[in-house]
Amino acid sequence: VQLQASGGGLVQAGGSLRLSCVASGRTFGGVGWFRRAPGKEREFVAIMDWRGAYKRYTDSVKGRFTISRDNTDNTVYLRMNSLKPEDTAVYYCAAATSWYSGLKESDFHSWGQGTLVTVSS
């Protein structure tokens, strides 16, 4: 299983970015994005079942971030709008073998290398 994340960069507050994660090697039950801000623990951002029928977001990004998947090439996206300085973090994509509505971070067994998002004020 391989996950390759990209799309991070420097953006001003209020701007947008789209992160991409190419998944290969097997099928998955769920995929997700997590982030680790400087000096903080890694936290959940958004998860989705592989079909895209069920999505869940952490409260701080609801209405601003959207997780989606391209069915043609197994790429998972995180569209981030109205970015805030507190969104600054290394963002990781991850995959879980199975899916259930209460999927937790510990259920994710495969992780990408991370991509840095920096939001300036």
Side-chain angles (χ1 to χ4, degrees):
V1 175
Q2 289 188 325
L3 300 171
Q4 184 71 34
S6 62
L10 173 64
V11 64
Q12 288 188 332
S16 298
L17 281 175
R18 189 181 72 165
L19 306 183
S20 301
C21 177
V22 179
S24 62
R26 63 176 298 170
T27 57
F28 306 102
V31 290
W33 288 93
F34 296 79
R35 67 186 179 187
R36 188 194 303 272
K40 295 186 177 181
E41 296 291 318
R42 187 170 63 192
E43 66 171 353
F44 148 77
V45 177
I47 61 172
M48 177 179 75
D49 72 304
W50 189 241
R51 296 177 303 162
Y54 183 91
K55 302 178 181 181
R56 175 156 53 98
Y57 300 90
T58 192
D59 287 345
S60 63
V61 308
K62 285 180 181 176
R64 300 189 298 123
F65 290 12
T66 303
I67 186 171
S68 62
R69 184 173 76 93
D70 185 330
N71 293 335
T72 63
D73 63 2
N74 285 352
T75 301
V76 180
Y77 300 102
L78 184 69
R79 177 67 181 183
M80 305 184 295
N81 296 327
S82 301
L83 282 161
K84 304 175 181 179
E86 51 263 43
D87 294 318
T88 294
V90 177
Y91 284 72
Y92 301 89
C93 61
T97 302
S98 58
W99 168 264
Y100 63 103
S101 61
L103 207 67
K104 304 179 298 296
E105 182 173 340
S106 58
D107 295 312
F108 287 82
H109 57 84
S110 298
W111 293 83
Q113 83 287 6
T115 184
L116 175 62
V117 173
T118 303
V119 184
S120 63
S121 57

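Predicted model, so just to flag it, every value in this text is computed and none were measured. Counting from 1, the numbers follow the sequence of the chain as shown.
Salt-bridge check for E43 with R36: failed, with every basic side-chain N at 4.0 Å or more from each acidic carboxylate O. With respect to D87 and K84, no salt bridge is recorded, no charged nitrogen being found less than 4.0 Å from a carboxylate O.
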Q.
Does I67 form a side-chain contact (heavy atoms from CB on, under 4.5 Å) with I47? I'd like the steps, not just the answer.
A. CA-CA 7 Å; I67 186 171; I47 61 172; 5.5 Å; no
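Side-chain contact between R79 and L19 is absent, with no heavy atoms from C-beta onward closer than 4.5 Å. Under the 4.5 Å side-chain criterion, counting only non-hydrogen atoms from C-beta, V45 is not in contact with Y57. The shortest distance between side-chain heavy atoms of V22 and L3 does not fall below 4.5 Å. Annotation: side chain of R42 is in contact with side chain of E105 (closest heavy-atom distance under 4.5 Å). The shortest side-chain heavy-atom distance between R69 and W50 falls under the 4.5 Å cut-off. Between F108 and L103, some side-chain heavy-atom pair lies under the 4.5 Å cut-off.
Annotation: Y54 is in aromatic contact with W99 [ring centroid separation under 6.0 Å]. When ring centroids are compared, W111 and F34 come within the 6.0 Å threshold.
Residue F65 is tested with L83, N81, T58 for a side-chain contact (heavy atoms from CB on, under 4.5 Å); the sole match is L83.
Other residues, nucleotides and ligands contribute over 12 non-hydrogen atoms within 6.0 Å of the CD atom of Q113.
Inspection of the D49 and Y100 side chains reveals no N or O donor paired with an N or O acceptor under 3.5 Å.
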